[in-house]
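See below for the structure under consideration.
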Amino acid sequence: MRSAKYFERVLTLAPLRVDAEHCATVYFCVLGLSVLAKKEINDTNGGEAEKPCRTGEAGTILGNWKPKLQQYIEYMFTGDGFRASSSGVRDTELLATYFGLAIAAMINYEFNDADKNNISTFVLSCRQKKGMYCNNPTLFDEYDLNSSVRHTYAAFASLKLLGKNINDLESFERIKSLQNYDGGFGMCVNDESHAGLTFCALASLELGGSLSSAVKHKAVRFLLNRKVLSNGFNGRPNKDPDCCYSFWVLNSLRMMGIDISLNTPALVDSNQSSQTEIDFMSSCFDSILHAFSPIPDSDPDPYHTALALAALFPESIDHALVIL
Amino acid sequence: MKPWTEFDFSDVVPEHVAEIPGHLAQIAYPEHFKTVMGLFLPIYKAKERSERALALTYELIELNPAYYFVWDFRFEIVRAIGSDVFDYKLVGLTPSAPAQPETSEDGEFVNQFTLSKSKNYQIWNYRALLLDRHNELWYRGEKLIVSMVLEDDAKNFHAWSHLRWVITQSVKHAPQAFDAVQLLADCTALLLEDVFNNSVWAYRFFLLKTYPSLFDIDEELKLVTAHIASAPSNESAWSYLSGVLDDKASSTTAATSSAVQFALAFQDEPLALQFLAEHAQENVSTYYSLLAEKEPFAKSFWLAQVAE
């Protein structure tokens with residue numbers, strides 16, 4: 001699949017707006033490439049029906065970029081985590097730390113024990129009073145504003161990558177208290193449910209071995225109802241679909257043992273035009289850039305492209321990169 | 001607001017904006033950006049909380065509003081250099097705004113930014129940091145700006161979250177800031193405007209939980225069933241129905257029986273079947289079987305529920 005070239009282009013030259021979340025952008029490029037690389041291997045080894053498209057392209061690109069990714073990790077590493085921006089201040093941030101650790105895991109980059117302990121100390125220092133984590137513990141947090149279940153997921157996933165235990169009962173209880181009447185999770189108690197936050201909450205509980213069947217049962221109904229079109233999922237009830245939610249929803253369901261397959265749309269090979277129904281994922285695919293946009297006729301980006309590919313080819317997800 | 005170019009930076013040694021080794025996802029920084037970031041970095045390191053530092057944050061936010069550290073530093077500066085900038089003002093936003101103290105430069109910038117970039121994470125966080133917890137006017141001002149954002153984007157997740165946060169804070173620190181009965185009445189009106197707006201339903205539930213004296217299960221049942229009858233495929237309304245019935249503090253078994261009777265009339269609708277499967281006393285496995293037929297993509301899950 002030609003999306004590998006798209007990721008390679010982003011890894012070569014990125015626009016200015018990427019600067020504030022540089023680590024995240026590189027992470028999504030690596031995630032997308034790794035899905036494609038694994039798919040190439042799966043297709044070559046076992047895929048009978050599917051014709052392997054340009055076998056090895058993603059794998060080759062990923063291999064070629066490994067030395068640069070290694071240099072990148074060393075450059076963005078602050079001593080106790082990762083910084084988010086390439087040009088800006090060198091403060092360690094939690095989300096960037098998770099993305100940095102995942103990139104490192106992907107290319108088998110090993111931190112020494114002292115570094116691992118420093119990172120782990122930083123991650124734990126992001127924990128706020130009520131058991132949720134924030135992006136940067138030095139910030140003002142008089143109202144417990146900067147902490148969220150997104151950051152809590154990043155903290156737990158980082159600890160998992162560092163081989164540390166996740167055993168924070170207060171935090172698990174706090175996350176459970178975010179589950180709403182519709183079964184989804186929001187930012188705070190009695191907030192509106194959101195599929196992305198629901199993934200973060202469920203995955204955090206799962207990482208802590210604390211995902212009960214009662215919580216699961218309620219969440220499944222919310223997640224199943226997110227399907228609104230063929231292969232189209234929304235993030236909240238009665239909203240339009242966005243292709244990143246195909247990933248957040250399907251991956252949440254898969255984590256809970258409920259496998260719902262997408263009908264892999266014809267976009268994989270753009271010469272095929274045998275689709276009979278309008279497929280949402282196909283309509284978000286830009287066949288010139290070979291990348292996905294959030295909704296049809298908008299600008300593609302690495303985040304939506306990587307998550308769309310992960311949603312379409314779940315068997316090709318590297319679980320060093322998507323931590324459950 | 002005085003632009004950064006009008007300040008003297010001759011005492012500052014600018015930092016070189018570094019290129020990433022190996023040029024991975026290299027950014028072709030515009031010269032202007034390099035100049036501003038180059039001045040910002042040493043000033044940030046020195047924790048210089050000054051007017052000129054504030055002007056630099058303004059310029060960087062214009063260039064790229066997604067830097068958390070710029071917003072956070074901005075707040076440190078605003079908090080340090082005094083109440084004339086820190087005072088919160090809403091005057092000038094709308095003729096219907098309640099009487100407020102005069103507008104400050106920072107307040108004006110924050111409000112204009114909120115209205116023009118309401119999907120930016122950082123601005124809502126910044127507003128929340130600025131909140132003067134014991135000032136009722138401030139709470140009402142926040143509600144006003146949220147309603148202005150919602151006029152253009154009625155489902156803006158950040159704006160709704162902010163409103164809930166503001167109300168939660170007011171209950172603790174300024175209980176006279178809002179009239180709970182009026183908030184619920186406004187919410188009822190919003191549902192009539194768009195019964196499919198899930199944010200409004202979630203907000204309604206939040207209001208009932210925040211002000212428990214408002215929670216009358218019979219009234220809620222009457223309202224939600226009327227809305228379902230007019231639009232039976234509305235997921236938000238069905239979920240809300242479950243929500244109020246499942247609330248142990250306020251619901252009754254009589255209310256649940258009456259809602260189940262109501263739902264029996266909508267068995268063509270998967271949402272009604274989901275509701276019945278979870279709330280009816282009888283025929284539960286039938287509802288799950290029907291769901292398996294109607295929602296083939298989730299067939300195995302629904303059939304597994306039949307077996308349980």
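Protein chains get the first letters and strands the later ones, always in sequence-line order, with residue 1 at the start of each.
For a residue to count as touching a neighbouring chain, one of its non-hydrogen atoms must lie under 4.5 Å from one of that chain's; by this rule B:Asn64 touches chain A with the side chain only. Heavy atoms closer than 4.5 Å to chain B are found nowhere in A:Glu74, neither backbone nor side chain. Looking at B:Leu41, only its side chain comes within 4.5 Å of chain A, counting heavy atoms on both sides. Heavy atoms closer than 4.5 Å to chain A are found nowhere in B:Leu60, neither backbone nor side chain. Using a 4.5 Å cut-off between heavy atoms, B:Phe301 touches chain A through its side chain atoms alone. B:Trp238 does not touch chain A: none of its heavy atoms, backbone or side chain, sits under 4.5 Å away. Neither the backbone nor the side chain of B:Phe73 has a heavy atom closer than 4.5 Å to any heavy atom of chain A. Of the two parts of B:Pro270, neither the backbone nor the side chain holds a non-hydrogen atom closer than 4.5 Å to a non-hydrogen atom of chain A. Heavy atoms closer than 4.5 Å to chain A are found in the side chain of B:Trp302, but not in its backbone. No part of A:Leu95 comes within reach of chain B, as not one of its non-hydrogen atoms sits under 4.5 angstrom from that chain.
The two residues A:His217 and B:Tyr288 come nearest to each other via the heavy atoms NE2-OH, 3.9 Å. Across every non-hydrogen atom of B:Ser236 and A:Asn238, the tightest pair is OG-ND2, 2.8 Å. Between A:Leu13 and B:Ala28, the shortest heavy-atom contact is CD1-N, 4.4 Å. Residue A:Tyr75 comes nearest to B:Ala18 through the heavy atom pair OH-CB, 3.3 Å, listed as atom of the first residue, atom of the second, then distance. Minimum heavy-atom separation, A:Gly88 to B:Phe69: CA-CZ, 3.7 Å.
Between chain A and the options B:Thr210, B:Asn125, B:Asp247, B:Val244, the largest number of non-hydrogen pairs under 4.5 Å is found for B:Asn125. Contacts with chain A were tallied for B:Phe206, B:Trp160, B:Phe157; B:Phe157 has the most, counting heavy-atom pairs under 4.5 Å. When the candidates A:Val26, A:Leu253, A:Asp191, A:Ile258 are compared by the number of heavy-atom contacts under 4.5 Å with chain B, A:Asp191 comes out ahead. Among A:Asp182, A:Asn225, A:Thr12, the residue making the largest number of heavy-atom pairs under 4.5 Å with chain B is A:Asn225. Contact count against chain A (heavy-atom pairs under 4.5 Å) is highest for B:Gln26 among B:Lys45, B:Met37, B:Gln26. When each of B:Glu295, B:Lys299, B:Lys209 is scored by its heavy-atom pairs under 4.5 Å with chain A, the top score falls to B:Lys209. Looking only at heavy-atom pairs under 4.5 Å with chain B, the residue among A:Val89, A:Leu69, A:Leu224, A:Val10 that has the most is A:Val89. The candidate from B:Gly243, B:Pro21, B:Ala66 with the greatest count of non-hydrogen atom pairs under 4.5 Å with chain A is B:Pro21.
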Verdict with reasoning, A:Tyr72 to B:Ile20, per side chain to side chain contact (heavy atoms under 4.5 Å, CB included)
CA-CA 7 Å; A:Tyr72 180 72; B:Ile20 300 164; 3.8 Å; yes

Please assess B:Tyr44 against A:Asp91 for the test side chain to side chain donor-acceptor pair (under 3.5 Å), listing each intermediate value before the final yes or no.
CA-CA 11 Å; B:Tyr44 177 89; A:Asp91 295 356; 2.5 Å; yes

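Side-chain atoms of B:Phe205 and A:Asn180, non-hydrogen and from C-beta on, never get closer than 4.5 Å to each other. A 4.5 Å side-chain heavy-atom check between B:Phe40 and A:Ser87 finds every atom pair outside the cut-off.
In B:Lys119, the NZ atom is not crowded: 12 or fewer heavy atoms of neighbouring residues, nucleotides or ligands sit closer than 6.0 Å. Counting heavy-atom neighbours within 6.0 Å of A:Arg17 CZ, excluding the residue itself, gives a total of 12 or less.
By the 6.0 Å and 45° rule, A:Arg236 does not stack over the aromatic ring of B:Phe196.
At a threshold of 4.0 Å, the pair A:Arg221-B:Glu278 counts as salt-bridged, since one of the basic side-chain nitrogens sits closer than that to a carboxylate oxygen. In summary, B:Glu235 and A:Arg226 engage in a salt bridge, as defined by a charged side-chain N under 4.0 Å from a carboxylate O.
Here the CD1-OG1 distance, from B:Ile27 to A:Thr25, works out to 8.0 Å after rounding to the nearest 0.5 Å. In this structure, the separation between OG on B:Ser199 and CD on A:Glu192 is 3.5 Å, given to the nearest 0.5 Å. In this structure, CH2 in B:Trp165 is found 10.5 Å from SG in A:Cys188, a value given to the nearest 0.5 Å.
Looking only at distances, a side-chain donor or acceptor of A:His22 sits under 3.5 Å from a matching main-chain atom of B:Ala25.
Ring pair A:Tyr181/B:Tyr240 is perpendicular by interplanar angle, where above 60° counts as perpendicular and below 30° as parallel.
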